[in-house]
Amino acid sequence: MVIFRSGMARDKIFKDTQDFKEQYRALCVSVLGREFDKCTDKERYSMLARLIAAKSRAIEAECHPKEAKKVYYFSLEFLLGPLLDNYLLNYGLRDLVADGIDEMGSSLDTLIKQEVDPGLGNGGLGRLAACFLDSMAHEGMAGFGNGMRYRYGLFRQEIEDGRQVECTDNWLEGGFPWESRKDGSSVTVRFGGEVVRHQDETGRFWFTQEGGECVRAVPYDVPIVGYGGKTVNKLRLWSAEPCEEDFDLDAFNAGDYARANKFRSDVEAISTILYPNDAGEHGRILRLKQEYLFVSAGLQSILRTYEHEHGHDWDHFADHVCIHTNDTHPAMCGPELMRLLVDVYGLDFDQAFKIASASISYTNHTVMPEALEKWPIETFRHLLPRLYMFIEEVDRRYRENLMREEVNADLLASTAILWDGQVRMANLSIIFSHSVNGVSDLHTSILEQTVLRDFYRLRPQIFNNKTNGVCHRRFLAQANPPYAKLITDAIGTRWLDDATELERLIPFEKDAGFLDAMEAAKKADKERLAAYIEETTQLQVDTNTIFDVQVKRFHAYKRQLLNVFKILDLYNRMLDDPTFKPAPTTFIFSGKAAQSYVLAKEVIRLINSVADVINNDARIEGRLKIAFVPNFAVSNAQLIYPATEISEQISVAGAEASGTSNMKLMMNAALTLGTYDGSNVEISQLVGEKNIKIFGLRAQEVEDLYASGSYFAWNQVNSDPGRLGRIVSMLTDGSLAGLSGNFESIRDYLMAGNDHDLVLKDFYSYVDAWEELTAFYADRHAWNAAALHNTAKAGFFSSDRTIREYMHDIWKIES
């Protein structure tokens with residue numbers, strides 16, 4: 001099924017099946033001291049991954065000449081997902097390796113199942129970064145990731161009595177065979193201490209940061225294999241370790257083992273977990289340390305490489321290096337690059353700022369001003385005193401320049417870096433960037449018109465849109481073998497290399513035989529998911545029902561609550577009217593709520609409580625069923641996306657920057673039921689109104705409603721006590737309390753909080769849209785034709801297209 005471009009590296013890996021088996025067996029013996037036949041499945045997986053990783057590193061060493069312009073993508077998250085199957089697909093080796101392992105008495109599929117999800121990210125931000133790395137390698141560019149190597153993942157989600165329970169995600173327990181530790185590339189990062197001014201006899205002065213805490217940042221490199229195997233890049237992940245061992249022997253001998261190891265524990269905490277809770281001062285300091293460490297370490301590594309390849313030709317630094325910051329977590333890249341250029345390499349302040357701003361670009365991922373990172377000045381200055389001096393001076397010069405050109409105090413208040421006792425990281429990112437982009441047409445428009453409007457008025461030329469994309473090779477070709485084979489049999493294999501080739505599926509929308517084959521492929525995907533749901537939750541679901549899916553991070557604006565209200569409405573109406581028979585549907589939810597996000601965790605509990613009631617009510621004859629799939633991750637997402645028939649994308653309009661699950665689901669022949677929000681807008685424009693179901697208020701209507709102050713949640717409830725009023729009452733009247741209690745906090749969010757996310761306002765439009773869409777489901781050929789049209793138009797949402805736009809418009813690299 002794999003197509004190769006010219007110059008592929010496949011023959012550099014294994015000559016044939018026999019060569020693969022010999023190398024594989026030899027590695028088992030040399031590393032484990034045992035023959036393949038004596039190894040466990042986990043050991044066999046680990047050795048196979050190590051073998052492919054070693055081959056990949058050899059290719060990576062030869063990939064890029066030193067003249068190649070390099071892009072360093074800084075992101076606090078890289079949600080890679082399992083790599084083995086993906087890399088075998090990209091190399092075109094899957095069949096060869098599978099045959100070899102079969103001949104050795106095992107199974108490739110068995111070994112693939114041994115791989116765990118790397119705990120390096122949380123949600124869409126991290127998965128986007130991973131897709132971008134894949135596409136950078138596909139496009140043949142020198143594109144490298146820079147992030148953190150977390151000892152533990154965010155958490156492993158379990159469900160107990162309907163509640164989310166956070167368990168340790170010890171993803172490194174069995175090792176990570178893809179990584180290679182690079183001790184020789186370690187760097188030192190300093191926190192705290194004091195800044196000392198020095199001056200020589202000529203009057204020249206300089207500063208050093210002395211004392212404080214020194215941390216050793218150790219890099220681990222993971223190969224990133226591009227499709228076709230010609231280009232292999234790397235993701236560099238940083239781990240925090242003590243620079244010097246400070247073991248308290250007296251404390252150890254006294255039996256105080258915790259105090260004996262306190263220094264090491266404090267340092268290693270920096271890279272222990274993604275997003276430490278920053279509700280208290282200790283958590284804020286830890287999170288700030290984490291962000292600074294991966295920024296400083298990454299930049300030190302970049303400058304070392306540049307100096308080795310180009311010497312001290314700093315004036316042309318931006319011609320050779322691009323530093324892209326994914327959201328505000330790497331916002332310190334600008335001032336830290338200046339600090340290194342001034343303090344370490346001896347450049348002057350103005351030259352350093354010019355270099356930084358010419359090489360750094362920034363992607364914004366939110367339309368919510370309150371979601372933009374801010375740090376208390378005192379905390380920041382105490383932890384990073386020298387860095388703060390650069391930020392303070394840049395801010396001072398920015399204010400002076402602005403006041404010379406403008407006399408608007410409000411403009412200064414909205415755009416200064418330092419304001420109201422805080423360091424504002426989004427403003428820091430923008431002032432240091434030559435490009436600022438949003439991630440969907442609607443999102444970028446909102447940034448320019450509201451959230452960042454003053455920056456846009458001052459520097460409109462730096463703003464641009466880059467609609468997100470996803471890796472179609474992973475989320476369609478790899479995740480959905482039955483459908484991918486059907487596509488390949490119809491149009492050939494070029495779609496793997498060029499997603500726009502999917503448009504060639506359009507003529508098959510009128511091919512009854514193809515549509516029947518689609519039906520069979522979808523049924524196989526649904527059966528695979530049903531087996532997984534039964535295995536993980538002990539719930540049996542009927543694959544003859546519609547699979548209606550909402551899988552994403554839990555947040556109020558994503559409105560999983562609206563989905564629950566729809567289900568309760570259908571349930572109540574069935575009980576009241578035995579003749580009302582909605583389309584038999586299995587509602588599938590999955591996603592995590594942040595540990596401290598009480599409302600989101602309560603919505604998870606509500607979903608499971610409603611499931612407990614509805615799934616066990618014989619009166620509805622099994623027409624409605626709810627499944628909550630725990631611990632949403634890339635691996636089980638690759639089971640969920642292919643089986644989906646209705647894709648729920650129901651955020652309040654104007655709140656979702658883009659969304660990417662909507663893209664993955666449309667690729668896999670699901671029809672979107674959604675608001676006109678984020679990239680739903682572009683999906684709608686591409687597929688046409690008859691191939692998507694849009695409902696609810698538009699973004700401008702939402703903004704106008706907020707501005708008018710005329711919306712009252714009680715009016716919505718009182719206008720229809722029989723439907724909406726009844727559902728709201730069920731939250732607290734004991735109807736849903738059997739599993740783990742009532743839901744007063746959700747009722748208060750809606751009623752006392754005046755339904756900020758307009759769940760009640762969009763309710764009727766949503767339920768009507770769902771009923772219209774599910775009525776359409778009965779015409780199987782018409783439904784499958786619409787679903788196929790979604791796949792055919794999904795090529796636009798390949799991350800290959802997105803990366804080409806970044807390359808051309810921002811990074812100035814030719815394909």
Side-chain angles (χ1 to χ4, degrees), residues 40 42 45-46 49 76-83 113-123 125-127 130 147-179 181 218 220 222 237-242 257-258 260-280 282-287 289-291 293-294 329 532 535-537 551-554 590-598 600-602 604-605 608 628-637 740:
T40 66
K42 283 191 178 297
Y45 152 72
S46 181
L76 205 54
E77 295 186 43
F78 287 93
L79 198 60
L80 296 175
L83 296 176
K113 291 177 182 177
Q114 307 306 311
E115 187 168 8
V116 301
D117 284 76
L120 299 170
N122 172 34
L125 182 79
R127 186 53 234 174
M148 287 290 290
R149 180 183 183 268
Y150 305 106
R151 181 179 177 186
Y152 302 111
L154 186 70
F155 58 83
R156 189 182 76 255
Q157 181 195 55
E158 295 183 359
I159 303 297
E160 295 181 7
D161 295 327
R163 302 177 188 274
Q164 170 179 290
V165 176
E166 299 95 11
C167 304
T168 302
D169 176 21
N170 190 11
W171 71 279
L172 282 170
E173 182 179 18
F176 187 39
W178 298 103
E179 70 182 7
R181 180 181 169 105
V218 181
Y220 290 74
V222 179
L237 301 168
W238 297 94
S239 180
E241 298 181 6
Y257 307 126
N261 284 286
K262 185 177 185 304
F263 179 73
R264 172 171 285 277
S265 297
D266 287 348
V267 170
E268 292 179 345
I270 298 170
S271 56
T272 294
I273 193 169
L274 170 66
Y275 299 140
N277 190 332
D278 61 355
H282 181 77
R284 281 195 293 273
I285 292 172
L286 183 59
R287 192 155 169 174
K289 281 184 174 182
Q290 189 176 85
E291 293 186 4
L293 183 131
F294 97 101
H329 309 121
Y532 178 80
E535 177 187 346
T536 54
T537 70
V551 288
K552 54 184 74 241
R553 180 170 51 90
F554 271 74
S590 193
K592 297 178 181 179
Q595 290 176 270
S596 58
Y597 195 169
V598 175
K601 294 174 75 170
E602 280 293 275
I604 290 175
R605 186 171 72 89
N608 286 289
F628 188 97
V629 179
N631 202 45
F632 188 53
V634 175
S635 54
N636 56 21
S740 54

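The analysis underlying the following values was restricted to heavy atoms, covering all of them including side chains, and did not include hydrogens, waters or symmetry mates.
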Does any non-hydrogen side-chain atom of [Y] lie less than 4.5 Å from one of [X]?
X      : Y      : answer
Arg264 : Pro242 : yes
Tyr275 : Gln595 : no
Glu173 : Val116 : no
Trp178 : Glu115 : yes
Val165 : Ile159 : no
Tyr150 : Thr272 : no

Which heavy atom of [X] sits nearest a heavy atom of [Y], and at what distance?
X      : Y      : answer
Gly121 : Leu274 : C-CD2, 3.6 Å
Arg127 : Val634 : CD-CG2, 4.1 Å
Ser271 : Ala240 : OG-N, 3.0 Å
Phe628 : Gly591 : CZ-O, 3.6 Å
Phe632 : Ala637 : CE1-CB, 3.6 Å
Asn636 : Pro630 : ND2-O, 3.6 Å

>> Using side chain to side chain contact (heavy atoms under 4.5 Å, CB included), reason through Tyr152 and Asn170 one step at a time and then give a plain yes or no.
In response: CA-CA 5 Å; Tyr152 302 111; Asn170 190 11; 3.6 Å; yes
>> With salt bridge (Lys or Arg N to Asp or Glu O under 4.0 Å) as the criterion, how do Arg163 and Glu160 come out once you've worked through the C-alpha distance, each side chain's angles and the decisive distance to 0.1 Å?
In response: CA-CA 5 Å; Arg163 302 177 188 274; Glu160 295 181 7; over 6 Å; no
>> Test side chain to side chain contact (heavy atoms under 4.5 Å, CB included) on Leu172 and Arg149; report intermediate values, then the result.
In response: CA-CA 10 Å; Leu172 282 170; Arg149 180 183 183 268; 3.7 Å; yes
>> Using modelled atom types and a 3.5 Å cut-off, is there a donor and acceptor pairing between side-chain atoms of Ser46 and backbone atoms of Pro177?
In response: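 No; zero donor-acceptor contacts below 3.5 Å.
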>> Is it the case that the side chain of Lys289 and the backbone of Ala269 share a donor-acceptor pair, with hydrogens and angles ignored and the cut-off at 3.5 Å?
In response: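 Not a single qualifying donor-acceptor pair exists.
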> Which one of Lys592, Gln157, Gln164 satisfies the side-chain hydrogen bond (donor to acceptor under 3.5 Å, both in side chains) criterion with Asn631?
Replying inline: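 Of the listed options, the one satisfying the test is Lys592.
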Once you round to the nearest 0.5 Å, how far does [atom1] of [X] lie from [atom2] of [Y]?
X      : Y      : atom1 : atom2 : value
Thr40  : Tyr45  : OG1   : OH    : 12.5 Å
Met148 : Ile270 : CE    : CD1   : 7.5 Å
Lys42  : Gln114 : NZ    : CD    : 5.0 Å
Leu120 : Leu154 : CG    : CG    : 11.5 Å
Phe78  : Leu125 : CZ    : CG    : 9.0 Å
Leu83  : Asp117 : CG    : CG    : 9.5 Å

>> Let's go through Arg181 and Glu241 carefully: what are the C-alpha distance in whole Å and the side-chain angles of both, what is the deciding distance for salt bridge (Lys or Arg N to Asp or Glu O under 4.0 Å) to 0.1 Å, and is it a yes or a no?
In response: CA-CA 13 Å; Arg181 180 181 169 105; Glu241 298 181 6; 2.8 Å; yes
>> Going by salt bridge (charged side-chain N to carboxylate O under 4.0 Å, His left out), name the residues that satisfy it together with Lys552, two or more places apart in sequence or in a different chain.
In response: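 Not a single residue meets the salt bridge (charged side-chain N to carboxylate O under 4.0 Å, His left out) criterion with Lys552.
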> Residues in salt bridge (charged side-chain N to carboxylate O under 4.0 Å, His left out) with Asp266, at least two apart?
Replying inline: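 Asp266 satisfies salt bridge (charged side-chain N to carboxylate O under 4.0 Å, His left out) with Lys262 once adjacent residues are dropped.
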> How about Arg151: does its CZ atom have over 12 heavy atoms from other parts shown lying under 6.0 Å from it?
Replying inline: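 No, CZ of Arg151 has 12 or fewer neighbouring heavy atoms, counting only those of other groups under 6.0 Å.
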>> Among residues at least two apart in sequence or on other chains, which ones pass side chain to side chain contact (heavy atoms under 4.5 Å, CB included) with Asp169?
In response: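 For Asp169, the residues satisfying side chain to side chain contact (heavy atoms under 4.5 Å, CB included) (neighbours in sequence not counted) are Arg156, Trp171.
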